[in-house]
Amino acid sequence: MNDDFDSDTGDDDLFSDDINHDVPFHHAGTLMELNDNKAGMADLDKEKISRIIEEASKGSKFYDHKKKQQERIDAKIADLLRKKKAITEEQLKNASAKVGQIVRNLEKSRDLSRTFVHVDMDAFYAAVEMRDDPSLRDKPMAVGGPGMLATSNYLARRFGVRAAMPGFIGQKLCPDLIIVPPNFEKYRAVNAIFSEVFAKYDPNYSAMSLDEAYLDITEFLRLDQNVRKPSDLSHAEEVVSDLREEIFLATQLTASAGIAPNTLLAKVCSDINKPNGQFYLRPERPVVAEFVEKLSVRKACGIGKVTEQMLNALGITTCAEMFEQRALLSLLFSEISALSFLRVSMGLGSTFMGDSDAPAKSVSNERTFKATSDADFLRDQCRRLCEELSEDLVRKQLQAKSVTIKLKTDTFDVKTRVRNLPEATWNADVLCRHVVPMLESEMAPKRAFRLMGVRASNLCEKSANQQSTLDAILKQPSGTERLCPVCSTSLAKLSLALVNAHLDRCLSGSQQDDVQCPICSGFFRRPEIEHHAATCEGAATSTTPSVKSAPIRKRGAAREDGFVPRDECQRKPKKQLTLSAFFDQRKSES
DNA sequence: TACATACAC
DNA sequence: AATGGTGTATGTA
């Protein structure tokens, strides 16, 4: 058992380890290589799969961009190795002493007293689809669209088909692959069910996405009075086994879990016995030390593809190696990075859970489209993005003091331009007035874009101001031009009650199937709109567009596994309740 | 401050 | 026909 967390002075072999000094870089494999850092993909024919992916990608702009990107990373690595070469023994020795002190302090801060669980639903979206369509159960399938796959079932993974892979590549890897379009309403409903189970074990559980959450079950374990049958399992294991069983009973879906004394380790552990399994890491220092020693650095949350390559170039693949090189790392990387490496290599992680309702720092809206340099299209797109962003801001009761435009060229290069606003706003027109000029100064006759995005930042909570804003609208004498702050349609012809109804609806976010009446701007369910329109049209004096052309308010198309589109992963609508309450109050006043 | 990069999901 | 969207943190100049 290597138990050298305490060793404060650097290892002697730091000085003798010249193995990698002269190796330029050795990031492994081909450019488009399969990412197999994923459950269910350990023992497949990586060579063949990578070749197929490479074949399908070669020559594309995407591929060229990846190549350029990799060249930049290689240059960074070369830089790193040059820096390493320039380090003297003297410097290393000093660094060693400093790092030793930090290690001692970190060690003193180690807390093994709490029990964290990371729960991860197995191939969540795919599992839901298979549950509801038995004909899919014995077939390789994935959830997503032709553009991008959100997740795949375990059969498909055997072919190398995985999340974040475009559908057409998936088809090449697995000609029989069935691609099922996502149904987020359903996934959210399922999530709501097993979230109740989470809440039973930890009312403060922290959801990372629709299929993943952290729980701190310390308190639950303390209070748990259940008499359990004698078994080999520890209390924590029994409890988590129960939790997974409850999830299964409630949803017919399996989950995997990791149990550990901090969130970092719990996350790693949930992957070990996936699918439908759990792994318990006993909260004892030697156990943690041994576990972490063998761990690939890539498994740690926060160490991604690029950092992994840099560490690999330094001869570091495991956490044990990372710990050995702690002095070197403290010289080559920023303080923050070096510290986080050190914590990972010591098996330290967060022992409290992130504030689940921390205020958002930014809100954004972006969309990919067929690459174009058409100025009118781009301006139009820009306006649309601003309008949708505005809705989002109003719904969240946030105003922005800065706005950023993001543009991706047809060659996949990304540019962002930010502008500070004279005053905080959520108004679509104001956003647009600032964003469009930034867009225009990036447009050039030969430059085509494939994505545009708008981001609001420097946010301030606007609950107090909200009242005055809405008051201002509502208090305008009827007959003057009143515009809805959300959808900007004129509310001039509406009675106060109808204005309220409109705002209430607009602010709380309309449902997918709702249709907005082009005449009175009210929202109606599809079955009701025909009837409503007839009456409304009869009452209206001006000529009106046909109901068929009424704007159908649609949420963005949905994906999974992080590509949860707009609004898919929202927190509980706490704010909306207050807002509705506010309107209810107003309605009763009038 | 402004912008780019890395990362998670 | 052809590689996503949302959000946070960090590095750098």
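Given the structure is predicted, the values throughout are model-derived calculations rather than measurements. Chain naming here is simple, since letters A, B, ... match the order of the sequence lines and numbering starts at 1 in each.
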ask   = Looking at residues at least two apart in the chain, or sitting in another chain, which of them share a salt bridge (charged side-chain N to carboxylate O under 4.0 Å, His left out) with A:K186?
value =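 Applying salt bridge (charged side-chain N to carboxylate O under 4.0 Å, His left out) to A:K186 gives A:D132.
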
For this session: Determine, step by step, whether A:S57 and A:S60 satisfy the side chain to side chain donor-acceptor pair (under 3.5 Å) criterion, reporting the C-alpha distance in whole Å, the side-chain angles of both residues, the deciding distance to 0.1 Å, and the verdict.
Result: CA-CA 6 Å; A:S57 302; A:S60 68; 5.5 Å; no

State whether [X] places a side-chain N or O below 4.0 Å from either non-bridging phosphate oxygen (OP1 or OP2) of [N].
{"X": "A:K299", "N": "B:dA8", "answer": "no"}
{"X": "A:K370", "N": "C:dA2", "answer": "no"}
{"X": "A:R450", "N": "C:dA2", "answer": "no"}
{"X": "A:T416", "N": "B:dA2", "answer": "no"}
{"X": "A:K396", "N": "C:dG7", "answer": "yes"}
{"X": "A:R72", "N": "B:dT5", "answer": "yes"}
{"X": "A:N420", "N": "B:dA2", "answer": "yes"}
{"X": "A:T307", "N": "B:dA6", "answer": "no"}
{"X": "A:S364", "N": "C:dG7", "answer": "yes"}

When the distance from [atom1] of [X] to [atom2] of [N] is rounded to whole Å, what number comes out?
{"X": "A:M438", "N": "B:dT1", "atom1": "CE", "atom2": "P", "answer": "16 Å"}
{"X": "A:E54", "N": "C:dT3", "atom1": "CD", "atom2": "P", "answer": "17 Å"}
{"X": "A:L421", "N": "B:dA2", "atom1": "CG", "atom2": "C1'", "answer": "15 Å"}
{"X": "A:D79", "N": "C:dG11", "atom1": "CG", "atom2": "C1'", "answer": "14 Å"}
{"X": "A:M208", "N": "C:dG5", "atom1": "CE", "atom2": "P", "answer": "21 Å"}
{"X": "A:K408", "N": "B:dC3", "atom1": "NZ", "atom2": "P", "answer": "19 Å"}
{"X": "A:F333", "N": "C:dA9", "atom1": "CZ", "atom2": "C1'", "answer": "16 Å"}
{"X": "A:F124", "N": "B:dC9", "atom1": "CZ", "atom2": "C1'", "answer": "14 Å"}

Across the strands shown, which category fits [X] at heavy-atom distances under 4.0 angstrom: base, sugar-phosphate, nothing?
{"X": "A:R419", "value": "nothing"}
{"X": "A:K415", "value": "sugar-phosphate"}
{"X": "A:I169", "value": "base"}
{"X": "A:S337", "value": "sugar-phosphate"}

Contacts of A:Y214 and A:Q69 projected onto DNA chain B by closest heavy atom; the upstream (5') one is A:Q69

Look at the side chain of [X] and decide which nucleotide, out of [options], has an atom nearest to it.
{"X": "A:R455", "options": "C:dG7, C:dG5, C:dT3", "value": "C:dG7"}
{"X": "A:A360", "options": "B:dA8, C:dT3, C:dT8", "value": "C:dT8"}
{"X": "A:V306", "options": "C:dG5, C:dG11, B:dC7", "value": "B:dC7"}
{"X": "A:V418", "options": "B:dA8, B:dA2, B:dA6", "value": "B:dA2"}
{"X": "A:K361", "options": "C:dT3, B:dA8, C:dA9", "value": "C:dA9"}
{"X": "A:N365", "options": "C:dT6, B:dA6, B:dC9", "value": "C:dT6"}
{"X": "A:R417", "options": "B:dC3, C:dG5, C:dA2", "value": "B:dC3"}

Angle class for the A:F377/A:F369 ring planes (parallel below 30°, perpendicular above 60°, tilted otherwise)? perpendicular

So for A:S362 and C:dT8, does any side-chain atom that can act as donor or acceptor lie under 3.5 Å from a complementary atom in the base?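 When only heavy-atom distances are counted, A:S362 does not reach the base of C:dT8 through any donor-acceptor pair under 3.5 Å.
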
Looking at A:K58 and A:E55, does any basic side-chain N land under 4.0 Å from a carboxylate oxygen?
no

Rounded to the nearest 0.5 Å, the CG atom of A:D64 sits from the OG1 atom of A:T411 at a distance of 9.0 Å

Hits for ring pair (Phe, Tyr, Trp, His ring centres under 6.0 Å) against A:F352, two or more places apart or cross-chain, chain-then-number order -> none

Exercise. Assess the side chains of A:D211 and A:S209: does a donor N or O sit below 3.5 Å from an acceptor N or O?
Key: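 A donor-acceptor contact under 3.5 Å links the two side chains.
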
